[in-house]
Amino acid sequence: MTTSPVPHNHVLIIGTGFGGIATAIRLRQAGFNDVVLLDRAGDVGGVWRDNDYPGAAVDVQSDLYSFSFAPNPDWHNTYAEQPELYAYLRNVTDRFGLRRHLVLDCTVERLDWDTTEQLWRLETVRGPRTATHVVVATGALANPVIPDLAGLDRFAGVSFHSARWDHGYDLTGKKVAVIGTGPSAVQFVPAIQPAVAHMTVFQRTPAWVVPRHDRENGPIRRRLYRTAPILQRLERLNIYLQREMFVVGFRNPALMKLPERQARKHLERQVRDPGLRAKLLPDFRFGCKRVLISDDYLRALDQPNVTLVTDGIREVDEHGLIDNTGTPHPVDAIIFGTGFQTTRLPLTDQIHGTDGRTMAEIWDGNPTAYLGTSVAGFPNCYLIHGPNIGLGHTSVIHMFESQANYIAAAVSYAHDHGLAVVEPTTAAQEAFTAHVDQLGAGSVWTAGGCKSWYLNDNGRNTNIWPGTTLGFRRRTMHFDPAHHLLHRQPAPIPARVAP
Ligand code: NAP
């Protein structure tokens, strides 16, 4: 009996959302052809494939929330909806010739660094693979969380998470409970409120909500963008610069009083009932938790068929939820808008480095990485949307493109200098972490008076990049060999090809 050889690639990218696709394109542009993208699903798209709940849309203007190298003059609205973003990612995949690099329905179960062979060994549902470099582009928001509510298994109705929407279940005329009031719930609550008989929204913490001012991009604007792309580039720059200014405010919480006043006015305009308004007013600084952007969420809560419950959830029984005052809330369906597993980044407890321990074990609840991208003890391994790459104020795609630049620079440096291994030094990683902590000290994220998923159990910001995105772009522009351990290649390496 013959065994088929284990497929080997120069670079394996896990995940085909914005981050994975950006990295693959940058690597191809740098002349690397032997690049394979793996995804657990049957199509590309990441969060924009999975989060197809009613009302799902981006909350950064699409002229900015798109690849710098693939402008789309045809965005239907200021803020694209999920189907358009999903189509955009599929279209970019085709335009940049990535289809032939895809291996889909291929969940990765484990990664081990082989110190002898100096390569990564992967176990996948489709069998083993090896790679010289791996890019973990599984994002921070891949795995939905359903809270462990007492009695949930007894509930006789339907329940699902917003990121796994049950489109086969018709909510029309139903009594529905919504748990959570984050960015996802704020979008699906107004989308389903008119159709349901009654909606009970369980809010744990109110959030600051500001108007969205979404509008349709008319045919003239779209034609102009198509014929004179510079106009869309200028609009992108304009949005970028305006949003970048927010960092100054987020780093100086006292400056947040102005947007707080605007958000209060928005609340007063949308909600007539003073009792309800009081429940919806946050007691922490603007920006501490992600600011919600909506023209219709607050108004939807003020409708006669909606009840906002702020008394917590004691348990679930077969009929519905019981709050902490003992009041029962019978429902037909429970929808969880309760977010994602963010304390442990996806795959980090399946990736084993030079000493055999997993990245999650080494982090022990305090994720850190050099440039948010690579980790000491994990050679030739890169994380897209790693620690401190998240943003609260502008397009995270800007950060992903910066990371993709750095990864392409690192892989190129290794190739051009005949290196088998590049790995950040502990000192470089620690210096970067100290820089992040220093930038974030006194900011709304750490001193804004709220409990958010940006902070770990010790109150350290492990999620948000507290600087400007331009500053991050500058830091990731070049590969710095002085910050890395470098090991020579024992065997000849293949030539690069023209992109
Ligand atoms: P999220 O921000 O984590 O919000 C989860 C919500 O569920 C919060 O209101 C949270 O309350 C509540 N919650 C969690 N566990 C609970 C429990 N046991 N009992 C009661 N309430 C509970 O999740 P998300 O809304 O899905 O958003 C996640 C991230 O996705 C966002 O931060 C954003 O980065 C991204 N996102 C982006 C867009 C966009 O671009 N348009 C849209 C949606 C999501 P607490 O506040 O008290 O924790």
Side-chain angles (χ1 to χ4, degrees), residues 17-18 46-48 50-62 64-66 77-82 84-86 139-150 152 160-165 177-191 200-210 212 214 243 279-280 282-284 287-295 297 301 308-316 321 323-324 329 334-343 385 389-397 399 445 448-455 463-465:
F18 268 103
V47 294
W48 294 111
D50 296 341
N51 286 266
D52 63 352
Y53 54 79
V58 65
D59 55 14
V60 172
Q61 295 92 324
S62 301
L64 181 61
Y65 192 88
S66 41
N77 276 57
T78 313
Y79 299 91
E81 293 181 359
Q82 176 268 340
E84 210 179 358
L85 282 157
Y86 181 25
L141 305 170
N143 298 325
V145 168
I146 293 195
D148 193 13
L149 299 174
L152 184 57
F160 52 87
H161 190 278
S162 58
R164 301 287 182 271
W165 196 271
V178 171
I179 303 180
T181 54
S184 300
V186 150
Q187 296 185 332
F188 70 74
V189 161
T200 310
V201 178
F202 289 84
Q203 171 189 277
R204 194 162 63 177
T205 318
W208 290 107
V209 186
V210 293
R212 186 173 165 85
D214 189 23
R243 286 185 167 268
K279 285 182 177 181
L280 290 166
D283 61 359
F284 51 82
C288 183
K289 288 168 93 79
R290 193 176 170 102
V291 174
L292 307 182
I293 300 173
S294 174
D295 292 333
Y297 169 68
L301 294 182
L308 183 73
V309 176
T310 55
D311 296 313
I313 301 163
R314 192 173 74 195
E315 60 178 312
V316 183
L321 297 110
D323 69 30
N324 282 331
H329 300 274
I334 303 174
I335 306 175
F336 292 95
T338 42
F340 300 85
Q341 173 58 267
T342 50
T343 45
H385 210 161
I389 293 299
L391 297 172
H393 68 291
T394 189
S395 170
V396 77
I397 297 167
M399 298 293 277
W445 303 295
C450 74
K451 185 174 178 293
S452 78
W453 63 261
Y454 300 155
L455 309 180
N463 279 288
I464 289 280
W465 168 244

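Read the numbers this way: they start at 1 and go in the same order the structure lists the ligands and their atoms.
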Exercise. Are the ring centres of His161 and Phe340 closer than 6.0 Å?
Worked result: yes
Exercise. Is it the side chain, the backbone, both or neither of Leu141 that has a heavy atom closer than 4.0 Å to ligand 1?
Worked result: side chain
Exercise. So, the side chain of Asp323 versus the backbone of Asp311: is there a donor-acceptor pair under 3.5 Å, distance only?
Worked result: no
For this session: To the nearest 0.5 Å, tell me how far Ile464 CD1 sits from Trp445 CH2.
Result: 6.0 Å
Problem set entry | Gln203 touching ligand 1 at heavy-atom level, < 4.0 angstrom | no
For this session: For Trp453, take its heavy atoms, then give the atoms of ligand 1 lying under 4.0 Å from any of them.
Result: 2 (O), 3 (O), 32 (O)
Exercise. Taking atom CD of Gln82 as the centre, does the number of heavy atoms from other residues, nucleotides or ligands within less than 6.0 Å exceed 12?
Worked result: yes
Exercise. Any donor-acceptor pair under 3.5 Å linking the side chain of Ser162 with the backbone of Ser184?
Worked result: no
Exercise. What about Phe188 and Trp165, are their ring centers closer than 6.0 Å?
Worked result: yes
Exercise. Among Gly337, Pro183, Ser452, which one has a heavy atom closest to atom 5 (C) of ligand 1?
Worked result: Gly337
Seminar exercise, completed: Under 4.0 Å from one or more heavy atoms of Lys289, ligand 1 contributes atoms 45 (P), 46 (O), 48 (O)
For this session: Determine yes or no for a side-chain-to-main-chain donor-acceptor pair under 3.5 angstrom, with Gln203 supplying the side chain and Thr310 the backbone.
Result: no
For this session: Please determine if Ser184 has a nitrogen or oxygen closer than 3.5 Å to a nitrogen or oxygen of ligand 1.
Result: yes
Exercise. So, does Lys451 sit close enough to ligand 1 that a heavy atom of it is under 4.0 Å from the ligand?
Worked result: no
Exercise. How does Val47 reach ligand 1, if at all, at less than 4.0 Å between non-hydrogen atoms: by side chain, backbone, both, or neither?
Worked result: neither
Exercise. Any donor-acceptor pair under 3.5 Å linking the side chain of Arg243 with the backbone of His393?
Worked result: yes
Exercise. Is a side-chain donor or acceptor of Lys279 paired with a backbone partner of Leu308 at a separation under 3.5 angstrom?
Worked result: yes
Exercise. Does the side chain of Asp214 pick up a donor-acceptor pair with the side chain of Asn77 at under 3.5 Å?
Worked result: yes
Problem set entry | Atoms in ligand 1 flagged as close to Gly180, the criterion being non-hydrogen separation under 4.0 Å | 6 (C), 7 (O), 9 (O), 12 (C)
Problem set entry | Geometric N/O contact Thr181 with ligand 1, under 3.5 angstrom | yes
Problem set entry | Proximal ligand 1 atoms for Pro147, defined as those under 4.0 Å from one of its heavy atoms | 18 (N)
Problem set entry | Close aromatic pair by centroid cut-off 6.0 Å: Tyr65 and Tyr79 | no
Seminar exercise, completed: Atoms of ligand 1 under 4.0 Å from any heavy atom of Thr205, numbered from 1 in the order shown, are 45 (P), 46 (O), 47 (O)
Exercise. Which ligand 1 atoms are under 4.0 Å away from a heavy-atom of Tyr53?
Worked result: 42 (C), 43 (C)
For this session: Number the atoms of ligand 1 from 1 as they appear, then name those within less than 4.0 Å of a heavy atom of Ala57, with their elements.
Result: 39 (C), 41 (N)
Seminar exercise, completed: The protein heavy atom nearest to atom 38 (C) of ligand 1 is Asp59 OD2, 4.1 Å
Exercise. So which heavy atom in the protein is nearest atom 20 (C) of ligand 1, and how far is it from that ligand atom?
Worked result: Ile179 CG2, 3.7 Å
Seminar exercise, completed: Out of Gly339, Gly182, Pro282, Ser395, the nearest non-hydrogen contact to atom 23 (O) of ligand 1 is supplied by Gly339
Exercise. Donor-acceptor pair, Trp48 side chain versus Ala57 backbone, under 3.5 Å?
Worked result: no
Exercise. For atom 10 (C) of ligand 1, which of Gln82, Arg290, Arg204 has the closest heavy atom?
Worked result: Arg204
Problem set entry | Sub-4.0 Å heavy-atom contact, Phe340 with ligand 1 | yes
